[in-house]
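Note on naming: letters A, B, ... go to the chains in the order of the sequence lines (proteins, then strands), and numbering restarts at 1 for each one. Note that the structure is a prediction, hence the values are computed from the model and not measured.
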Amino acid sequence: YPVVPEAEDEEKTLKLVESYLQNFYDLQMDHQPHIRSRSENHLAAKLKEMQAFFGLEVTGKPDPETLEMMKKPRCGIPDVQNYV
Amino acid sequence: FTTGNPKWKRKNLTYRITNYTPKMRKTDVDEAVQKALSVWSNVTPLTFQKSEDKEADIVISFAYRDHHDNSPFDGPNGQLAHAFQPGEGIGGDVHLDEEEAWTKDGRGYNLFIVLAHELGHSLGLSHSNDPGALMYPTYSYTPPNEFLLPQDDIDGIQAIYGQSTTAVQPTGPVTPQACDPNLTFDAITTLRGEIIFFKGRYMLRKHPERAETELNFISLFWPQLPSGIQAAYENVERDEVLLFKEDKYWVVRGYDIAPGYPKQIYRLGFPKTIKRVNAAYSDESTGKTYFFIADRYWRYDENKKSMDHGYPRKIVSDFGKIGRVDAAFQKDGYVYFFHGTTQFQFDPRAKRIVRKQKSISWFNC
């Protein structure tokens with residue numbers, strides 16, 4: 001197979017992580033570039049919440065086990081309580 | 001529970017199916033819906049009545065991409081379905097992604113399993129973090145005829161609607177916890193350096209290099225296998241694992257079930273009076289495999305492919321007071337026998353038990 005360039009791979013991973021956390025963990029995205037660091041903390045915090053829910057190692061990073069879980073077919077209802 | 005604990009005020013609810021997926025026969029869809037509803041009516045006072053007219057509490061439909069509820073579907077895989085909490089209008093409704101491969105068996109996505117999960121939301125349940133629960137967010141297949149609503153889901157729904165009106169309260173399977181001191185095993189085998197512990201529909205997988213124990217459904221790796229495997233052993237030389245349940249056995253070659261299985265255990269030389277095998281292990285150095293059934297054991301020669309003469313023999317006469325064997329495996333020259341929550345380490349050279357431990361000693365608890 002052609003090897004996906006690393007940067008493209010990273011972009012894809014980030015997109016998967018962001019959409020998963022938006023769909024199921026109520027991640028609110030701030031797209032204004034000057035507050036990037038705060039949204040990164042926010043994303044890491046949401047990632048930790050997701051890892052804790054699934055009993056994964058809580059790293060706050062998109063490690064292989066976390067990505068594997070995110071790719072599993074699932075219910076469209078969020079996992080966090082405040083979904084109405 | 002869903003925030004605000006929404007619940008139906010009535011016990012007698014109505015449902016309607018507005019459209020059908022062309023991927024399944026209409027009667028199979030109806031059957032899946034009824035079976036999914038009975039999962040919840042069997043454990044609560046709730047009843048479900050099919051409604052032909054426009055209004056119904058729970059409306060089930062197959063939908064495609066954006067279907068105007070602010071939650072568009074995403075095509076094959078990914079999000080399979082969603083449902084709305086109890087309430088008027090869209091409340092209680094179930095939407096299934098039409099682009100999924102809906103089936104009534106283990107291929108694609110089993111409609112009954114997904115519907116039963118979504119109806120949990122329709123009744124007010126949220127997601128559970130118990131990996132064995134029906135309300136766990138990710139899909140996992142269980143043969144519908146073997147499906148039992150897990151205790152975690154029974155506890156949740158009964159907390160909302162109360163217990164079932166049947167005289168005997170239904171109970172469900174509990175997800176094994178690796179460090180539960182009361183944990184017992186159905187069967188144990190090595191598999192290419194790992195140790196696989198079978199329990200109900202689960203397997204606990206212990207890799208020597210990893211501290212944590214991985215819990216999976218047996219069906220995740222081997223959908224053709226039933227739950228409740230009763231005995232297992234690895235033939236290291238042939239790179240095969242044999243798995244036994246009742247009077248049948250399967251061969252896993254590498255990581256896949258070999259074609260042509262299950263076969264009858266009588267092919268191995270057991271008499272017809274034997275209906276099941278309790279435990280087994282294979283001694284790589286001698287090519288002999290030991291089968292434990294009740295208080296006796298048989299010895300099979302893997303090279304001659306036949307049972308050795310002079311068997312069965314009494315377990316106690318050759319292995320000591322280890323009682324009935326639930327599970328056994330050999331590792332690093334020792335044989336480990338499991339009886340309830342007790343594990344005996346047996347030295348086949350000294351022909352005696354050299355150590356006694358808890359059944360969960362392999363899990364770094």
Peer 1: Surrounding CZ of B/R107 (heavy atoms of other residues, nucleotides or ligands, distance under 6.0 Å), is the total greater than 12?
Peer 2: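 Check fails, neighbour count at 12 or below.
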Peer 1: Is it the backbone or the side chain of B/S140 that comes under 4.5 Å from a heavy atom of chain A, or both, or neither?
Peer 2: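 For B/S140, there is no contact with chain A at all, as no heavy atom is under 4.5 Å.
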Peer 1: Within the structure provided, determine whether A/I77 and B/F84 are in side-chain contact (heavy-atom separation under 4.5 Å).
Peer 2: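 Of all side-chain heavy-atom pairs linking B/F84 with A/I77, none is under 4.5 Å.
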Peer 1: State the CZ-NE2 distance between A/R74 and B/H117, to the nearest 0.5 angstrom.
Peer 2: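 With rounding to 0.5 Å, CZ (A/R74) is 7.5 Å from NE2 (B/H117).
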Peer 1: Within a strict 4.5 Å, meaning less than it, do heavy atoms of the A/M69 and B/T138 side chains meet?
Peer 2: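 Answer yes - side chains close enough.
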Peer 1: If you measure from CZ on A/F24 to NE2 on B/H127, what distance do you get to the nearest 0.5 Å?
Peer 2: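 If we round to the nearest 0.5 Å, A/F24:CZ and B/H127:NE2 are 8.5 Å apart.
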Peer 1: So how far is it from A/K72 NZ to B/L220 CG, rounded to the nearest 0.5 Å?
Peer 2: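 Reported value, rounded in 0.5 Å steps: 6.0 Å.
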Peer 1: Would you indicate whether B/K7, at its atom NZ, is surrounded by more than 12 heavy atoms from other residues, nucleotides or ligands within a distance under 6.0 Å?
Peer 2: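 Result for NZ/B/K7: enclosed.
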Peer 1: Check whether any side-chain heavy atom of A/C75 sits under 4.5 Å from a side-chain heavy atom of B/E118, and report yes or no.
Peer 2: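 In short, these two side chains touch, coming nearer than 4.5 Å.
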Peer 1: Got a salt bridge between A/E57 and B/R210, using NZ or NE/NH1/NH2 to carboxylate O under 4.0 Å?
Peer 2: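 No salt bridge links A/E57 with B/R210.
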Peer 1: What's the spacing between B/D74 CG and A/N23 CG if we round to 0.5 Å?
Peer 2: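 Atom-to-atom, B/D74:CG and A/N23:CG are 8.0 Å apart.
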Peer 1: Where does B/F73 contact chain A at under 4.5 Å (heavy atoms): side chain, backbone, both or neither?
Peer 2: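 For B/F73, there is no contact with chain A at all, as no heavy atom is under 4.5 Å.
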Peer 1: Hey, can you tell me if A/F54 and B/Y136 have their rings parallel, tilted or perpendicular (30° and 60° cut-offs)?
Peer 2: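 A/F54 vs B/Y136 ring planes: perpendicular.
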